[in-house]
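Here is the structure we will look at, set down as C-alpha cells.
Order of the sequence lines fixes the chain letters, A, B, ..., with proteins taken first and strands second; residue numbering starts at 1 for each chain. Keep in mind the model is a prediction, meaning the values are calculated, not measured.
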Amino acid sequence: MANMSLNKVKMPERDAKERCTNFSEVALGYTKEMAMEEAERCLNCKNRPCEQGCPVAVQIPKFIMKIKEGDFTGAYETITETNNLPAVCGRVCPQETQCEMYCVRGKKGEPVGIGRLERFAADYAMNSGRKPAAKPEGNGRKVAVVGSGPASLTCAADCAKQGYDVTVFEAFHTPGGVLQYGIPEFRLPKKLVSEEIDTLRQLGVKIETNMVIGKVLTLDELKEEGYEAIFIGTGAGFPNFMGIPGENLSGVYSANEFLTRINLMKAYKFPEYDTPIKKYSKVAVIGGGNVAMDAARCAKRLGAEHVYIVYRRSETEMPARAEEVHHAKEEGIDFRLLTNPTRILADEKGWVKGMELLKMELGEPDASGRRRPVAVAGSEYIIDVDAVVVAIGQTPNPLIKSVTPELQTQKWGGIITDDYGRTSIKGVYAGGDAVTGAATVILAMGAGKKAAEAIHEDLNK
Amino acid sequence: MFKIVKKRVLNEQVKLFTLAAPYIAKKAEPGQFVMLRINETGERIPLTISDYDREKGEITIVFQEVGKTTKELGTLNEGDFIQDVAGPLGQPTHFGADVKKAVVIGGGLGTAIAYPSAKKLHQSGVEVHAVIGFRNKDLIIYEEEMKAVSDKLIVATDDGSNGNKGFVTEMLKSLIEAGNKYDLAIAIGPLVMMKFVSAITKEYGIKTFVSMNPIMIDGTGMCGGCRVQVGGKTKFACVDGPDFDGHEVDFDDAMRRQQMYKAEENQSMEKHNCRLGGGQ
C-alpha cells in the first residue's frame with residue numbers, strides 16, 4: 001500500500017537566522033529513511049504522466065521504485081541514463097512547473113517530491129563513491145560545444161555517449177556557466193557542479209577553458225580544425241540596465257557582476273580569495289526573478305542589515321520560484337512590490353545613498369498576459385540604500401553573432417533555430433538561453449539534448 | 001597553464017613577460033587585451049597585449065606593480081606558469097584609412113600599451129611622432145622600442161631628470177604649435193593624462209583615441225562593471241572598447257569609478273605584504 005499522506009516528506013533546512021550568516025547550503029536533503037518514505041507516495045502509474053514534464057526524459061517512476069526498494073545506486077544509474085546533472089536538477093529545477101505538475105498525487109494534496117528524490121539519489125551516489133562512468137567506444141568524429149552551462153554540458157554528454165569526440169570550449173577559467181557564476185553556493189554547492197562535470201570527463205569529453213570562441217577561434221576555424229558539428233550554448237549573459245538616472249554611480253551593480261564576484265570569484269571569502277565585494281549595509285535589488293532572489297540573499301549573507309527587493313508587479317506575476325521567494329522572506333528580505341525605481345541618488349562623492357521609488361497599480365494585461373503595472377501619480381518616496389543591484393534580466397551574449405553575420409538571430413539577440421536546435425548555418429546548432437533568452441536550467445538542458453539528437457541524425461544521413 | 005618564456009624588469013615597478021599563448025598570439029591585434037588569473041584564489045585582471053609574435057606563438061604583457069595581483073605577478077620568473085590567460089579581448093584599434101601623420105602619446109606604463117599602435121602605424125607607412133612621459137629618468141621604459149617605430153620621439157620627465165622637464169601635454173602642444181599637422185592622436189596613460197591630452201587635441205580638432213582600463217571581472221561583456229560614459233551613452237570597455245574617442249569620454253566619471261575598490265585593494269595589499277614579510 002502506498003504512503004497516502006497528502007504532503008511530501010519535509011526536507012530538512014537550516015534555520016533562516018543561522019543560514020543567512022554564511023554561504024552553506026540551505027536545504028539539507030533527505031536521509032535514506034525520508035527518501036524511502038517519500039518514494040512510497042509514488043503510485044508508479046502505468047502511463048507515467050510526470051515524464052511528459054521532464055525535458056531530459058528522466059525515467060521518473062522507475063528511479064523512484066528503486067529508491068523505494070532501497071537500491072539507491074540503481075536509482076542514480078536510472079536517472080543518469082538520460083540526465084547527466086542529477087545533483088544540479090534535483091536542486092534548481094522548478095519541478096512545480098515541470099514533472100511534479102503532472103503528478104497524479106498532486107490532484108489531491110502535494111505531488112510526489114520528485115526533485116527531492118532525484119537530489120537524494122545523486123547525493124547518495126556521490127557520497128558513496130560511485131563508480132566512474134564508462135567511456136563509450138569512440139567513432140572518431142569531432143563535435144565542438146561552445147560554452148559549458150547546462151545546455152552545453154547536456155549536449156556534450158549526449159554526443160559523447162553516442163561515441164563522438166567532444167570538446168567543450170569555455171571562456172571562463174572554470175566550466176559550468178551559470179551554474180558557476182550565477183547560482184549561489186547556498187543553493188547549489190560548486191563542489192557538486194565540479195563532480196557532475198567530472199562525470200562528463202569520464203565519458204571522454206575534453207574541456208578547454210579560457211577559450212573565448214568568436215575571439216580566439218571563429219566558427220569557421222573550428223570547422224577547419226575538423227569539428228563536424230558545433231553547438232552554441234553561450235547563454236544569456238549580457239546584463240540589462242534600467243536606463244534611470246544614477247545607474248553609473250559607485251555602488252550600482254548588474255546582478256551578473258554582483259553574483260559573478262561572489263560565486264565564480266568567491267568574493268565572500270575575500271581576502272582569502274583576491275576578488276573583493278564591498279560590505280554594504282542597505283541594499284536594494286531591482287527585479288522579481290530567481291536572479292533577484294539570489295542577489296538579495298547573497299547581500300544578506302555578506303552582512304547587509306536591510307535588503308529590499310523592488311519589483312514593479314505583484315507577487316503573483318513574479319517570475320521567481322515560489323520556494324525562492326519563500327526562502328527570501330524567511331531570511332528577512334523586505335519586498336517592495338508594485339514599486340518601480342525612478343532614480344538612484346548620490347552622495348557628494350558619487351556613491352549611492354538612496355533610491356527614489358514610485359508606487360504602481362495593476363492595469364490591463366500586456367503582451368506577456370500579465371497585468372501591466374501603471375504608475376500611481378505623486379506616490380514617490382525615497383529609501384536609504386548604499387548599493388543597488390539591477391536584476392531585470394539578461395540578453396544573449398552578442399559576441400559570436402558579431403563575428404558570424406550569417407548566423408541568424410532575433411532582433412533581441414536570440415539565435416534562431418528549428419525545434420532541434422539547427423541554426424541558419426549548416427553544422428551549427430544552438431540551445432538554451434542563447435536561443436530563448438534567460439530561462440531555466442532544465443529548459444536549457446532539454447534544448448542541449450534535442451540538439452545532440454539532431455547532430456547525431458545529421459551526421460549519419 | 002601559460003608559461004612565462006621571458007621576463008624583463010623595465011623599471012622598479014614595471015615588468016615585461018613574454019607568454020607562450022599560441023592561440024591568442026595568432027589573433028591578437030593592437031588595442032586588445034587579455035584577462036589573466038595567476039592561480040586558484042586569484043582575481044581576474046585585464047592586461048593589454050603590448051606585442052605578439054604569431055610564428056613563435058607568444059604574446060607580451062607589460063604591467064606595473066600597483067596592487068596585490070600585479071605585485072604577486074612580478075614575483076614570478078621565467079619558466080613559471082600563469083594559470084589562466086584568456087583573449088584576445090576587446091576591439092582592435094581602428095586607425096582610419098587616410099591617416100598620414102599621427103602622434104602617439106604614452107604616459108608611464110601607457111607607453112608600453114601604446115607601442116603596438118605606434119608600430120602598426122609605422123609599418124603601414126604613417127609618419128609617427130611619439131611623446132612619452134615619466135615621473136623621472138629611472139622610470140623611463142620602451143624608449144628604444146618607440147624610437148624604432150617613430151619618426152620623432154620626445155621623452156619627457158616630470159622632474160627634468162632626463163634633461164627634458166615637462167608633461168606630455170606641454171610637449172604635444174609645442175609640437176602642434178610648431179606646425180605639425182596630425183590627423184590622428186593616440187593617448188594612453190593615466191586617466192588624468194588622457195583627459196588633458198584629449199582637451200588639447202579637441203581644441204585643434206585632432207581625432208583622438210584613448211584606451212580605457214576600468215575595473216573588470218569577466219572581460220567578455222557579462223558583468224558591466226567596466227561601463228564608461230562615452231558621448232552620453234553607457235559603453236562596456238571590454239566589448240565596445242577598450243579604445244574610445246577621447247573627445248567623447250567622461251573622464252571624471254571614469255576616475256570616480258576606478259576608486260570604487262580602493263579600500264579593499266589596500267586590505268589585499270596589506271595581507272600580501274604581511275605574507276612576504278613572513279608573518280601571517
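- S250(A) places no side-chain N or O within donor-acceptor distance of the main-chain N or O of M260(B), the cut-off being under 3.5 Å.
- Checking K71(B), Q64(B), E65(B) one by one against Q13(B), the side chain to side chain donor-acceptor pair (under 3.5 Å) holds for a single residue, Q64(B).
- Interface remark: of the candidates K27(B), E264(B), M222(B), M222(B) forms the most heavy-atom pairs closer than 4.5 Å to chain A.
- Contact annotation for E221(A): only side-chain heavy atoms (C-beta onward) come within less than 4.5 Å of a heavy atom of chain B.
- Both the backbone and the side chain of N248(A) come within contact range of chain B, with heavy atoms under 4.5 Å apart.
- Within a 6.0 Å radius of NZ in K142(A), more than 12 heavy atoms belonging to other residues, nucleotides or ligands are found.
- The number of heavy-atom neighbours closer than 6.0 Å to CZ of F95(B), taken from other residues, nucleotides and ligands shown, is above 12.
- Ranked by non-hydrogen atom pairs under 4.5 Å with chain B, the options K266(A), K279(A), M211(A) are led by M211(A).
- In terms of heavy-atom pairs under 4.5 angstrom with chain B, the leader among L259(A), L399(A), L217(A) is L217(A).
- For K269(A), no part lies under 4.5 angstrom from a heavy atom of chain B.
- With respect to K353(A) and D347(A), no salt bridge is recorded, no charged nitrogen being found less than 4.0 Å from a carboxylate O.
- Contact of E265(B) with chain A is not made at all, since no heavy-atom distance falls under 4.5 Å.
- In this structure, K278(A) is positioned above the aromatic face of Y261(B), its NZ or CZ under 6.0 Å from the six-membered ring centre and within 45° of the axis.
- Counting heavy-atom pairs closer than 4.5 Å to chain B, the top-ranked of the candidates A171(A), P239(A), S254(A) is P239(A).
- No more than 12 heavy atoms of other residues, nucleotides or ligands lie within 6.0 Å of NZ in K3(B), so this atom counts as exposed by the packing criterion.
- Options N256(A), T275(A), V216(A) differ in how many heavy-atom pairs under 4.5 Å they form with chain B, and the most are formed by V216(A).
- Of the residues considered (R44(B), R257(B), Q229(B)), R44(B) shows the highest number of contacts with chain A, using heavy-atom pairs under 4.5 Å.
- For the set Q83(B), Q259(B), Q267(B), the count of heavy-atom pairs under 4.5 angstrom toward chain A peaks at Q267(B).
- Contacts with chain B were tallied for E257(A), K349(A), Q394(A), H173(A); H173(A) has the most, counting heavy-atom pairs under 4.5 Å.
- K207(B) forms a cation-pi arrangement with F209(B), by the criterion of a distance under 6.0 Å to the ring centre and an angle within 45° of the ring axis.
- For the set Y253(A), Y181(A), F270(A), F258(A), the count of heavy-atom pairs under 4.5 angstrom toward chain B peaks at F270(A).
- Residue T234(A) does not touch chain B at all, counting heavy-atom pairs closer than 4.5 Å.
- With a threshold of 4.5 angstrom between heavy atoms, D218(B) approaches chain A through its backbone and through its side chain.
- Using a 4.5 Å cut-off between heavy atoms, L36(B) makes no contact with chain A at all.
- For F241(A), the part lying near chain B is the side chain, with the backbone staying farther off; criterion is any non-hydrogen pair under 4.5 Å.
- Among the candidates V34(B), T41(B), I38(B), the residue making the largest number of heavy-atom pairs closer than 4.5 Å to chain A is T41(B).
- Checked by atom type and distance alone, the side chain of K282(A) never pairs as donor or acceptor with a backbone atom of Y280(A) at under 3.5 Å.
- At a 4.5 Å heavy-atom cutoff, V228(B) makes no contact with chain A through either its backbone or its side chain.
- The greatest number of non-hydrogen atom pairs below 4.5 Å with chain A, out of G67(B), G221(B), G224(B), is found for G221(B).
- Applying the side chain to side chain donor-acceptor pair (under 3.5 Å) test between D84(B) and each of N210(A), T174(A), T209(A) identifies N210(A) as the sole match.
- Distance check, rounded to the nearest 0.5 Å: CD of E195(A) to CG of L192(A) gives 6.0 Å.
- D243(B) CG to I188(B) CD1: the interatomic distance, rounded to the nearest 0.5 Å, is 6.0 Å.
- Contact annotation for R37(B): only side-chain heavy atoms (C-beta onward) come within less than 4.5 Å of a heavy atom of chain A.
- If you measure heavy-atom distances from S268(B) to chain A, the contacts under 4.5 Å come from both the backbone and the side chain.
- Neither the backbone nor the side chain of V390(A) comes within less than 4.5 Å of any heavy atom in chain B.
- Put simply, the side chain of T218(A) never gets that close to the backbone of G214(A): no donor and acceptor are under 3.5 Å apart.
- Using a cut-off of 4.0 Å between Lys/Arg side-chain N and Asp/Glu carboxylate O, D51(B) and K119(B) are scored as salt-bridged.
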